[in-house]
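In what follows, a structure is listed as structure tokens, so that the remarks can point back to it.
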Amino acid sequence: MAIDIKVQDVARYEGQEVTIKGWLYNKRSSGKLRFLLVRDGSATIQCVVFKGAVSEEVFENATALTQESSLTVTGTVARDDRSKIGYEIQVSDLSVVQIAHEYPITKKEHGVDFLMDHRHLWLRSSKQHALIRIRHEVIRAAREFFDMRDFTLMDAPIFTPNAAEGTSTLFETDYFERKAYLTQSGQLYGEAGAMAFGNIYCFGPTFRAEKSKTRRHLTEFWMIEPEMAYCDLDQDMVVAEEFVTHIVKSVLKNRRPELETLERDISKLEKIEAPFPRLHYDEAVEILKKNGVDFEYGDDFGATDETTISEQFDRPVIVHHYPAEVKAFYMKRDPETPQFALAMDMLAPEGYGEIIGGSQREDDYEVLLQRVKEHNLPEEAFAWYLDLRKYGSVPHAGFGLGIERTVAWISGIRHIRETIPFPRTMTRLYP
RNA sequence: UCCGGCGUAGCUCAAUGGCAGAGCGGGUGACUGUUAAUCACUAGGUUGUAGGUUCGAGUCCUACCGCCGGAGCCA
């Protein structure tokens, strides 16, 4: 009796009769032979149908199979040096589940728009398969990191009544005759969690209505955001660099074949080790000046500035102490140099840009109230947030890591849209 | 929102202002070891839309639509 197996486990069944359930990835033929490349989601294996070894009906069925038809195959696992995975299956029986219609994605090249229109099918191809599995590992490792350190998972709401940093980039929705906005960040709620549990993290989708059309932007992206009570900026940076190191090491350990499928230069990832270089804003500006960049002191860094800075290092770099003027209202100012915020950004190497943004939060009630007013934010909407400073306020800090940018960097792919199953951009809402 | 590029067969692309083509995919057939198999035959077109210039427009001009890349903003 044949055993049901997953293709990835095929080596354990050499010489045995097995059954695999999958889809036809490709088919080649030569006279009385049919070579069926069958994928089952775990891996792909070549199944050889020889006319003399099967019934006439089975051979006819094998001949009639179209690309992506679903089928089950029974046969003997045999070692074969010509196979990329070392094994193939000599077919004894085969049954067709469904003959696929003409499959739109062919073995030849396709344009991005066409592939994105067929994203639901494109996910079956080897490169997309590898990317989604690396994404899974990044998320698994990220949660593992905080779980191991006894952080409590406390997710933030998606519908929010107000904005953390201005309303211009918010998606507005109808909420029973009121307005609600899709969240841009779980952070403010995370701060409530930190005061309740000490250390928490939240993980979920966030939404930005920015009219950005670059390879680093999505309108819907996933963010993991720890928030820690009794934590200052220095401790925040230590957690951030250990966190990113853990994620990279996990992907190297558990998803090496996928990195190879993507032809990632693995040696670059092997250099990622905490501590990361840290630059005060002033030092980062110095680097820009040295490289002849035209930069106005006091501004935030643009995309090309970030690339110039990160190119100086072979691992992620943390820039801290940004001018308070360009940063969010909730960030605490450095008591010794109040023109700077206790903020930090982590820039990924190889020009992948900012993957982490974080800060120590303002913990003084009067100062925070003043900031809310200065930024013309509705005071009543932030009453609950201000409460956190009235009832046992403590120094606290946190950060957010963008999953898709992290996956893009680790995978070495150019565009962020392939790092999420169904990307949402300014121009893409289908499928 | 601004700047730049592209739009021709199901897909990827050709075509000096002068007969609209190839490869892949589809169909039919050949082949006992193929690796994006190969070979032969075959079907497949309102050249993004609307105007304009011209004897003649896929090609030149104008507008619009769609997509791509970048800037700003950000993770």
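Residue numbering restarts at 1 for every chain, and letters A, B, ... go by the order of the sequence lines.
Ranking B:rC31, B:rC74, B:rG70 by closeness to the A:His217 side chain, first place goes to B:rC74. Which of B:rC74, B:rG69, B:rG33 sits closest to the side chain of A:Arg417 comes down to B:rG69. When each of B:rG72, B:rG33, B:rG69 is scored by its nearest atom to the side-chain atoms of A:Lys211, the top-ranked nucleotide is B:rG72. The side chain of A:Thr66 lies closest to B:rG27, out of B:rG33, B:rG72, B:rG27. Closest to the A:His110 side chain, of the nucleotides B:rU12, B:rA75, B:rG70, is B:rU12. Among the nucleotides B:rC67, B:rC31, B:rC2, the one closest to the side chain of A:Lys213 is B:rC2. With B:rG33, B:rC11, B:rU32 as the choices, the nucleotide that has an atom nearest any side-chain atom of A:Gln46 turns out to be B:rG33. For A:Phe35, the listed nucleotide lying nearest its side chain is B:rU34; candidates were B:rG72, B:rA75, B:rU34. Taking every side-chain heavy atom of A:Thr106 into account, B:rC24 is the closest of B:rG33, B:rG70, B:rC24. Of the candidate nucleotides B:rG69, B:rU32, B:rG33, B:rG33 has the atom lying nearest to any side-chain atom of A:Val48.
The distance from atom CG of A:Asp81 to atom C1' of B:rU34 is 16 Å, rounded to the nearest whole Å. Atoms CD (A:Glu210) and P (B:rA71) sit 13 Å apart, rounded to a whole Å. Atom CD1 of A:Ile99 is separated from atom C1' of B:rG26 by 15 Å (rounded to the nearest Å). Rounded to whole Å, atom P of B:rG27 lies 13 Å from atom NE2 of A:His101. Here the C1' atom of nucleotide B:rG10 and the CD1 atom of A:Ile105 are 12 Å apart, to the nearest Å. If you take CD of A:Gln187 and P of B:rC74, they are 14 Å apart, rounded to a whole angstrom.
Stems are defined here as 3 or more consecutive Watson-Crick or G-U wobble pairs with pairing distances under 3.5 Å; those involving RNA chain B are B:1-7 with B:65-71, B:10-13 with B:21-24, B:26-30 with B:38-42, B:48-52 with B:60-64.
Here A:Leu33 lies in heavy-atom contact (under 4.0 Å) with a base. Residue contacts shown for A:Ser29 include a base, since a base heavy atom lies under 4.0 Å away. Among the atoms of the strands shown, only primed sugar atoms or phosphate atoms (P, OP1, OP2) are found under 4.0 Å from some heavy atom of A:Thr427. If you check every strand for non-hydrogen atoms under 4.0 Å, A:Phe114 touches sugar and phosphate atoms only. Here A:Asp80 lies in heavy-atom contact (under 4.0 Å) with a base. A:Gly111 comes within 4.0 angstrom of the backbone, heavy atoms only, and of no base. A:His118 comes within contact range of no nucleotide atom at all, as no heavy-atom separation falls under 4.0 Å. Among the protein residues, A:Ile356 comes within range of the sugar-phosphate backbone only, with heavy atoms under 4.0 Å from sugar or phosphate atoms but none that close to a base. Within 4.0 Å of A:Glu220, counting heavy atoms only, lies no atom of the nucleic acid at all. Among the heavy atoms of the strands lying under 4.0 Å from A:Ile416 is at least one base atom, whether or not backbone atoms are also near.
Across the C1' atoms, B:rG45 and B:rC31 are found 34 Å apart, a figure rounded to whole Å. Between B:rC13 and B:rA71, the distance separating the two P atoms is 24 Å to the nearest Å. Here the separation of B:rU49 from B:rU8, taken at their P atoms, is 10 Å to the nearest Å. Of the C1' atoms belonging to B:rG26 and B:rU12, the separation is 16 Å, rounded to the nearest Å. Taking the C1' atom of each, B:rA40 and B:rU46 are spaced 33 Å apart, rounded to whole Å. For B:rA20 and B:rA36, the P atoms lie 37 Å apart once the distance is rounded to whole Å. Spacing between B:rA9 and B:rG21 at atom C1', rounded to whole Å, works out to 10 Å. B:rC74 and B:rA15 have their P atoms separated by 44 Å, given to the nearest Å.
Atom NZ of A:Lys27 sits in a crowded spot, with more than 12 heavy atoms from other residues, nucleotides or ligands closer than 6.0 Å.
For A:Ser212 and B:rC73, a side-chain-to-base donor-acceptor distance below 3.5 Å is present, hydrogens and geometry of angles not being considered. In the interface, the side chain of A:Arg405 is paired with the base of B:rC74 through a donor and an acceptor atom under 3.5 Å apart. Below the 3.5 angstrom threshold, one finds no donor paired with an acceptor across the side chain of A:Glu102 and the base of B:rG27.
Between A:Glu283 and A:Arg278 there is no salt bridge, since no side-chain N of the basic residue sits under 4.0 Å from a carboxylate O of the acidic one. Checked for salt-bridge contact, A:Asp294 and A:Lys289 miss the test: no charged N lies under 4.0 Å from a carboxylate O. Salt bridge status for A:Glu374 with A:Arg371: present, with a side-chain N to carboxylate O gap under 4.0 Å. Ion pairing of A:Arg39 with A:Glu68 is present here, as a side-chain N (NZ or NE/NH1/NH2) and a carboxylate O approach within less than 4.0 Å. No salt bridge links A:Lys253 with A:Glu137; every basic N to acidic carboxylate O contact stays at or beyond 4.0 Å.
Where A:Met223 and A:Arg428 each meet RNA chain B at their nearest nucleotide, the meeting point lying more 5' is that of A:Arg428. Residues A:Arg414 and A:Gly400 each lie close to RNA chain B; by heavy-atom proximity, the contact nearer the 5' end of the strand is made by A:Arg414.
A side-chain donor-acceptor contact under 3.5 Å links A:Arg264 to the backbone of A:Trp409. A donor-acceptor pair under 3.5 Å is absent between the side-chain atoms of A:Arg119 and the main chain of A:Leu121, judged by distance alone. In this structure, the side chain of A:Thr173 engages the main chain of A:Ala180 through a donor-acceptor pair within 3.5 Å. Under a 3.5 Å cut-off, the side chain of A:Gln312 and the backbone N or O of A:Ile287 do not form any donor-acceptor pair.
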Using atom names, set out every protein N or O paired with an N or O of nucleotides 5-7 of chain B below 3.5 Å, distance rounded to 0.1 Å.
none

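Phosphate contact (OP1/OP2 of B:rA71, side-chain N/O of A:Arg216, threshold under 4.0 Å): present. Considering only side-chain N and O atoms, A:Thr169 lies nowhere under 4.0 angstrom from the phosphate OP1 or OP2 of B:rC74. Within the 4.0 Å cut-off from OP1 or OP2 of B:rG69, at least one side-chain nitrogen or oxygen of A:His415 is found.
Less than 6.0 angstrom separates the ring centroid of A:Tyr297 from the ring centroid of A:Tyr281. The aromatic ring centres of A:Phe114 and A:Trp122 sit 6.0 Å or more apart.
B:rA75 has A:Phe221 stacked on its base ring, the centres lying under 5.5 angstrom apart and the planes within 30 degrees of parallel.
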Would you sort out whether A:Phe243 and A:Phe146 count as a ring-ring contact (aromatic ring centres under 6.0 Å, His included), showing the intermediate values?
CA-CA 8 Å; A:Phe243 176 53; A:Phe146 293 119; 4.7 Å; yes

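A donor atom on one side chain and an acceptor atom on the other are not found under 3.5 Å apart for A:His415 and A:Thr419.
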